[in-house]
Chemist: 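Structure provided below as structure tokens; questions to follow.
The structure displayed is predicted, hence computed values, not measured ones. Letters A, B, ... are given to chains in the order of the sequence lines, protein chains preceding strands, and every chain is numbered from 1.
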Number of protein chains: 2
Amino acid sequence: MRQGCFNVRVQNSDAMALSAALLAVAGDLTQRIQEGVVARGFADLRPAHGFAFARLAPGGATVTDLAAHLGVTKQAASQLVEEIVRKGYAERRPHPGDARARLIVLTERGWACTSAAEEAAAEVVGDWVRTLGEGEVGALGARLARIAPGGPIRPAW
Amino acid sequence: MRQGCFNVRVQNSDAMALSAALLAVAGDLTQRIQEGVVARGFADLRPAHGFAFARLAPGGATVTDLAAHLGVTKQAASQLVEEIVRKGYAERRPHPGDARARLIVLTERGWACTSAAEEAAAEVVGDWVRTLGEGEVGALGARLARIAPGGPIRPAW
DNA sequence: TCCATATCGTCAAGCAGCTTGACCAATGCG
DNA sequence: CGCATTGGTCAAGCTGCTTGACGATATGGA
């Protein structure tokens, strides 16, 4: 009976409180990373670009890959790539093994921006450590990792 | 020295992994609540409306209150109110004590939708309980509540 | 009391980011 | 070889948000 359907019923109000807290923290995190990235000299980027960089970082990706990762159409992903290429954060290379596709890879400036985002994220997490303690934050991350979906990263709304 | 500046330094990569997990969970949560609300018969609403309902629920709010809560201009909040009023989820009442303002309150249908959202949220949290166990989810909620900002609820990007 | 200033809500116009639809080039399977 | 499928882009349109302006009401100081 334990772990059965009736055991996992949660008070709706508790679920809403948990959801609200999670979304508030997520929104705050996004905003503060964005502010940190801007403060480090990358003022021409939005949070969505950061999520794209995260997908491009390990070896590059195609426009279609990026579209799937961001949960948008490939046209939207193509426009986003056009923008970050124009601004010097990435470049298009011929794809080895498929002449239709192009491999989008980060430039030096793209990597610098990625580092800036990591620093900004570490600052925010550092604040959490000050509030909760190191072990608690570690436990938080471990639990979130276990319930994180594998699917595309989507905006909160 | 404990809890000092150098103690709360976090590995940047760890901070990014934690941030990514948090945002992935938040995006997934939002999407699944949205799907649950639609499945319960409220197909003409977007996630943003749910956040508005959360602010309207306890006693109503003005357009300006709502704008601050959602982190948008009051014009945008006004448009959103116009929409939920037109669709029958809320109504405008004269504000007691300020003839300029209007008190936006949920209708019966608005309350029904709020309940649907709570049920959908409880379903998602129920899944987490199945994965982590009840105590772990409770701890998760407690920690998130301690680091949740008081400011406006914002989209993840 | 009277008037200047601030605030509440709305109308109007513009814009940014995404969508749908169409298309060409390259792929790979029968 | 023939042809359906896939990768990427161009073009047009829509939606939700922004900035700017405005009348109506509140508020506070002379």
Chemist: Specify the separation, in whole Å, of atom CZ of B/R86 and atom P of C/dT10.
Modeler: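 Roughly 14 Å, once rounded to whole Å.
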
Chemist: Any side-chain N or O of B/S78 less than 4.0 Å from the OP1 or OP2 oxygen of C/dT10?
Modeler: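 Result: yes.
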
Chemist: The side chain of A/K74 lies closest to which of these nucleotides: D/dT19, D/dC17, D/dG7?
Modeler: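 Side chain of A/K74 sits closest to D/dG7.
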
Chemist: Are B/V124 and B/V38 connected, step by step, through hydrophobic side chains (Ile, Leu, Val, Met, Phe, Trp, Tyr) whose heavy atoms are closer than 4.5 Å?
Modeler: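 Different hydrophobic clusters.
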
Chemist: Provide, to the nearest angstrom, the distance between the CG atom belonging to A/L70 and the P atom belonging to C/dT19.
Modeler: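 Whole-Å distance recorded here is 10 Å.
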
Chemist: For residues 73-83 of chain B, which side-chain donor-acceptor pairs fall under 3.5 Å, sequence neighbours excluded?
Modeler:
| unit_1 | atom_1 | unit_2 | atom_2 | d |
| --- | --- | --- | --- | --- |
| B/T73 | OG1 | B/A76 | N | 3.2 |
| B/E82 | OE1 | B/R92 | NH2 | 2.5 |
| B/E83 | OE1 | B/H49 | NE2 | 3.2 |
| B/E83 | OE2 | B/K87 | NZ | 2.8 |

Chemist: Rounded to whole Å, how long is the line connecting atom CZ of B/R93 with atom C1' of C/dG9?
Modeler: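 Computing the B/R93:CZ to C/dG9:C1' distance gives 19 Å.
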
Chemist: I need the minimum non-hydrogen distance between A/F42 and A/A116, along with the two atoms involved.
Modeler: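 Scanning both residues completely, I find the closest heavy atoms to be CE1-CB, 3.7 Å.
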
Chemist: Decide whether B/L132 and A/L132 are clustered together by the hydrophobic rule: side chain heavy atoms of Ile, Leu, Val, Met, Phe, Trp, Tyr closer than 4.5 Å, transitively.
Modeler: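 Result: yes, single cluster for both.
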
Chemist: Quick one: on DNA chain C, does A/G97 or B/V81 contact a more 5' nucleotide (nearest heavy atom)?
Modeler: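 Whichever sits nearer the 5' end wins; that is B/V81.
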
Chemist: List every contact pair, protein side and nucleotides 14-16 of chain D side both N or O, where the distance is under 3.5 Å.
Modeler:
| unit_1 | atom_1 | unit_2 | atom_2 | d |
| --- | --- | --- | --- | --- |
| D/dG16 | OP1 | B/R46 | NE | 2.9 |

Chemist: Could you tell me how far apart B/Q75 (CD) and C/dG9 (P) are, to the nearest whole angstrom?
Modeler: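 Rounded to whole Å, this separation is 12 Å.
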
Chemist: Touch check for A/A99, heavy atoms < 4.0 angstrom, all strands: base, sugar-phosphate only, or nothing?
Modeler: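 It contacts sugar-phosphate atoms only.
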
Chemist: Whether B/E35 and B/R46 form a salt bridge (side-chain N of Lys/Arg under 4.0 Å from carboxylate O of Asp/Glu) is what I want to check.
Modeler: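 B/E35 and B/R46: not salt-bridged.
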
Chemist: Return no unless some side-chain N or O of B/T64 is found under 4.0 Å from OP1 or OP2 of C/dG9.
Modeler: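 Checking C/dG9 against B/T64, a side-chain N or O does come within under 4.0 Å of OP1 or OP2.
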
Chemist: Check every atom of C/dT19, D/dG7, D/dT9 against the side chain of A/R102 and return the nucleotide holding the closest atom.
Modeler: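 My answer, after comparing the listed nucleotides, is D/dT9.
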
Chemist: Looking at every non-hydrogen atom in both residues, tell me the closest pair between A/Y89 and A/R109 and how far apart they are.
Modeler: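 Closest heavy-atom pair between A/Y89 and A/R109: OH-NH2, 3.0 Å.
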
Chemist: Can you measure A/L80 atom CG to C/dG17 atom P for me and round it to whole angstrom units?
Modeler: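 Nearest whole value for this atom pair: 9 Å.
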
Chemist: Mind calculating the distance between CD1 (B/I104) and P (C/dG9) to the nearest angstrom?
Modeler: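 That distance rounds to 7 Å.
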
Chemist: Round to the nearest Å and state the distance from A/E82 atom CD to C/dG17 atom C1'.
Modeler: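 My rounded result for the distance is 15 Å.
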
Chemist: Can you check whether B/P47 reaches B/I33 side chain to side chain, under 4.5 Å on heavy atoms?
Modeler: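 Not touching, per the 4.5 Å side-chain cut-off.
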
Chemist: Side chain of B/A101: nearest nucleotide among C/dT19, C/dG9, C/dA26?
Modeler: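 Between C/dT19, C/dG9, C/dA26, the one nearest the side chain of B/A101 would be C/dG9.
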
Chemist: With a 4.0 Å cut-off on heavy atoms, is B/T73 in touch with a base, just the backbone sugar-phosphate, or nothing at all?
Modeler: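 The residue B/T73 makes base contact.
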
Chemist: Would you mind reading off the distance between A/L45 atom CG and C/dG17 atom P, rounded to a whole angstrom?
Modeler: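 The answer, rounded to whole Å, is 11 Å.
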
Chemist: Would the base of D/dT6 count as contacting A/R100 through its side chain, where contact means a donor and an acceptor less than 3.5 Å apart?
Modeler: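 Yes, the side chain and the base share a sub-3.5 Å donor-acceptor pair.
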
